[in-house]
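Each remark here refers to the structure printed beneath this line.
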There are 2 protein chains.
Amino acid sequence: MSSSRISTNKKTTVACNNCSLSELCLPRGLTKEELTRLESAIDKAIKINKKDYLYRRDDPHQAIYAVKSGSIKTSLSTLDGEEQILGFYLPGDLVGFDAFANSKHSCDAQALEDTFVCELNMNSFHDLCGSIASMRNGMMRQVGMEIGREHQLLLTLGQMRTEERLATFLTGISERNQSRGFSGREFYLPMPRHDLANYLGMAVETLSRMFSRLQEDGIISVNHRLIEILSPERLKGLGHHQCR
Amino acid sequence: MSSSRISTNKKTTVACNNCSLSELCLPRGLTKEELTRLESAIDKAIKINKKDYLYRRDDPHQAIYAVKSGSIKTSLSTLDGEEQILGFYLPGDLVGFDAFANSKHSCDAQALEDTFVCELNMNSFHDLCGSIASMRNGMMRQVGMEIGREHQLLLTLGQMRTEERLATFLTGISERNQSRGFSGREFYLPMPRHDLANYLGMAVETLSRMFSRLQEDGIISVNHRLIEILSPERLKGLGHHQCR
DNA sequence: AGGAATGCTTGACTTAGATCAAGCTTTACT
DNA sequence: AGTAAAGCTTGATCTAAGTCAAGCATTCCT
C-alpha cells in the first residue's frame with residue numbers, strides 16, 4: 001500500500017568502493033583505473049523478489065552475480081519432480097559459475113528472500129579477464145572456492161551421519177558469519193527446513209529431530225529459524241569428519 | 001629385471017598434434033603459432049606409477065594435468081582416517097583445478113594404475129590464459145565441466161537409492177567411453193569395488209549386491225572389473241532422477 | 001611355487017533414518 | 001479479521017542399507 005519505492009530491477013547508485021562487500025567480491029590489487037573500469041561494468045543492486053529466479057537451467061550465461069543482501073539457492077531438478085539443492089549463497093558470495101561449461105546455466109538459482117545482487121555481464125567479464133591479470137586471478141580463486149565448497153558437501157553427504165551433517169553445517173554458517181563481521185553466536189537461517197533437509201540429504205523430519213536433539217543437549221537453542229549456538233566447541237566436536 | 005625402459009617421470013617425444021587426446025584436452029581454434037606455444041609449454045607423457053600420488057593436499061599448485069592413459073582418483077581424507085572420493089579421471093580428463101582457491105591443492109590425486117599425464121605448469125598456464133582468449137575460454141569450459149560433474153554427483157548422493165546410483169554411474173561411463181571412440185558396451189572399470197562404493201556413498205557389500213542384482217536381472221554381465229552392458233535401455237531406465 | 005595379503009561376494013542380523021500420521025504454529029491470502 | 005495453506009515438530013512403524021562374519025578368488029611378494 002505504501003511504497004513509493006520502485007522495487008523491481010531498478011538500479012541504485014551505491015558505488016563499489018562504498019559497498020561493504022567490495023573486499024569480498026572484488027579481486028585485490030586493482031589500480032584506480034582498473035577499479036573504475038570494473039565499477040562501470042557492474043550493474044548494481046538489482047532486486048530479485050523472494051521465490052523469483054535469478055536464472056534457470058538452460059538460460060544463456062549473461063552474467064556473474066554477487067549477492068549483496070538476501071540469499072540465493074541453486075538446485076537441480078529431475079524429471080520425476082525431485083530437486084537437489086546444490087548450494088546456498090549469502091551476502092558476499094558469487095553465483096553463476098555453473099554456466100562455464102557451455103555458456104548455458106546448468107542449474108536453477110532462486111531467491112530465498114527478497115535479494116539484491118550486483119551483476120557483471122559476461123561480455124565485460126571476458127574483457128576484464130583478458131586485460132587485467134588480477135581480475136583473472138581473483139575469478140580463478142572464486143571458482144576454486146566454489147569447487148572447494150562442493151567437495152566439502154560431497155564429504156558431508158558421503159561420510160557423515162545426519163547429526164554430524166547438521167552440526168557441520170551450523171558450524172560452517174557460524175564461522176562464515178563471524179568472518180563477515182556478523183554474529184557467529186546467533187543468526188537467522190534464511191532457508192526453510194525443507195530446503196535445508198534436502199541440501200543435507202535427509203528427510204525434514206530427521207532434520208527437525210536433529211535440531212531438537214542438539215537443543216536437548218544444550219548445544220544450541222532453536223527458535224524456528226533463529227539459531228543460538230550455546231557451545232561452539234561441542235558443536236564443532238560433533239564434526240568428526242573434519243579434513244585432515 | 002628386464003627393463004631397459006626408464007619408467008619414472010621421463011619425458012617422451014609424442015607431439016600434441018599427434019596425440020589422440022589433443023581434440024579433448026586442447027581448446028579449439030588456436031592459430032598454428034599459438035598451438036606451438038602451447039605445445040612447447042607442455043611436459044609430455046609423465047609416468048605416475050600405480051598408487052603414487054600426482055599431488056597431495058597442501059602441495060603447491062604447480063600444474064594442470066591431462067590424463068593420457070591410465071586413471072586418477074581424487075579424494076579428501078578426514079582426521080579420523082576416512083576418505084571421500086571426489087572423482088575418477090580417465091584419459092582425456094583434466095585434473096588439478098582444486099588448487100585454484102589458494103594455489104595449494106585441496107585434495108589428493110592418486111593413480112589407480114600406471115598412468116601417463118601431460119603437464120601444463122601454472123606459469124605457462126597464466127601466460128597463455130593472459131594472452132590467448134581461446135585458451136582462456138577452453139579452460140573456463142573445462143572448469144565448468146568439472147563443476148557440472150560435481151553437481152551430478154551431489155544429485156546422485158542426495159537423491160538416489162543405491163541401485164540407481166550404480167546404474168547411473170555405469171551409464172555415464174558407458175556413454176563417456178562411446179564418445180571417446182571406445183566401446184560403450186564392454187569395458188574395464190579401473191577402480192576397485194572399495195573405491196567405487198566410497199565414491200557412490202555406499203558399503204562395498206551393498207555395491208557388490210547391486211552388481212549381482214543387475215546381473216541377475218540380465219541388464220549387465222559382470223566379470224570382476226570387466227563389465228558388459230547387455231541392455232543399455234533398461235540400465236538407463238533405472239536412472240529415474242535424470243535432470244529435467 | 002607357495003603363502004600372505006587384498007579384493008570380492010554372499011548370508012544373517014541390526015539399525016539409522018525414511019515414511020506415515022497427526023497436531024500445532026506461523027504466514028499468506030481475500 | 002478470518003480462513004487456508006505452509007512450515008515445523010513429535011510419535012509410531014517400517015525398510016533400505018549398514019555391519020558382522022565367513023569363504024573363495026586373485027594378486028602380490030619372496
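Values below: every heavy atom of this structure, side chains too, minus hydrogens, waters and symmetry copies.
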Note: A:Val222 and A:Ile227 closest approach over all heavy atoms is CG1-CD1, 4.1 Å
Axis-to-axis angle across the helix from C:dA1-D:dT30 to C:dT30-D:dA1, five pairs each end, nearest 10 degrees, ~ 60°
Whole-Å distance, B:Phe211 CZ to C:dT9 P, equals 7 Å
Residues in residues 190-210 of chain B with a heavy atom under 4.0 Å of DNA chain D, by number, are B:Gly201, B:Met202, B:Ala203, B:Glu205, B:Thr206, B:Arg209
To the nearest angstrom, the CG-C1' distance between A:Asn223 and C:dT26 comes to 12 Å
Q | Residues A:Gln84 and B:His151: side-chain donor-acceptor under 3.5 angstrom | A | no
Separation of D:dA16 atom C1' from B:Glu163 atom CD, nearest Å, is 12 Å
* Asked: Given D:dA17, is OP1 or OP2 found less than 4.0 Å from the side-chain N or O atoms of B:Thr162?
  -> yes
| task | Using modelled atom types only, decide if a donor and an acceptor are shared between the side chain of A:Arg57 and the backbone of B:Cys243 within a distance under 3.5 Å. | result | no
Atom CD of A:Glu113 and atom C1' of C:dT27 are separated, to the nearest Å, by 15 Å
Practice prompt. Please determine if B:Glu216 and B:Arg213 form a salt bridge, counting it only when a charged side-chain N lies under 4.0 Å from a carboxylate O.
Written response: no
Is B:Gln110 reaching over with its side chain to a backbone N or O of B:Lys73, donor-acceptor style, under 3.5 angstrom? no
Between CD of A:Glu216 and C1' of D:dG11 the distance, given in whole Å, is 13 Å
Whole-Å distance, B:Leu166 CG to D:dA16 C1', equals 16 Å
**Check: B:Asn177 side chain, B:Gly184 main-chain N or O, donor-acceptor pair, under 3.5 Å** = no
Separation of D:dC8 atom C1' from A:Ile227 atom CD1, nearest Å, is 12 Å
ask   = Is the CZ atom of A:Arg244 crowded by more than 12 outside heavy atoms at less than 6.0 Å?
value = yes
task = Look at the rings of B:Tyr55 and B:His105 and say which category their plane angle falls in: under 30° parallel, 30 to 60° tilted, over 60° perpendicular.
result = parallel
Separation of C:dG17 atom P from A:Gln159 atom CD, nearest Å, is 13 Å
Worksheet entry | A:Glu186 backbone acceptor or donor facing A:Glu228 side chain under 3.5 Å | no
Practice task
For C:dG7, take OP1 and OP2 only and decide whether either is under 4.0 Å from a side-chain N or O of B:His224.
Solution key: no
At 4.0 Å (heavy atoms only), tell me whether B:Arg165 reaches a base, stays on the sugar-phosphate, or touches nothing.
nothing
Assign each of A:Arg213 and B:Lys51 the nucleotide of DNA chain C bearing its closest heavy atom; nearer the 5' end lies the nucleotide of B:Lys51
Any ion pair linking A:Asp52 and A:Lys47 (charged N to carboxylate O, less than 4.0 Å)? no
(Q) For A:Arg225, is the CZ atom crowded, meaning more than 12 foreign heavy atoms sit under 6.0 Å from it? (A) yes
Heteroatom pairs (N/O) under 3.5 angstrom, protein to nucleotides 28-30 of chain C:
none

| message | Walk me through whether A:Phe187 and A:Phe182 qualify under ring pair (Phe, Tyr, Trp, His ring centres under 6.0 Å). | response | CA-CA 8 Å; A:Phe187 46 83; A:Phe182 305 115; over 10 Å; no
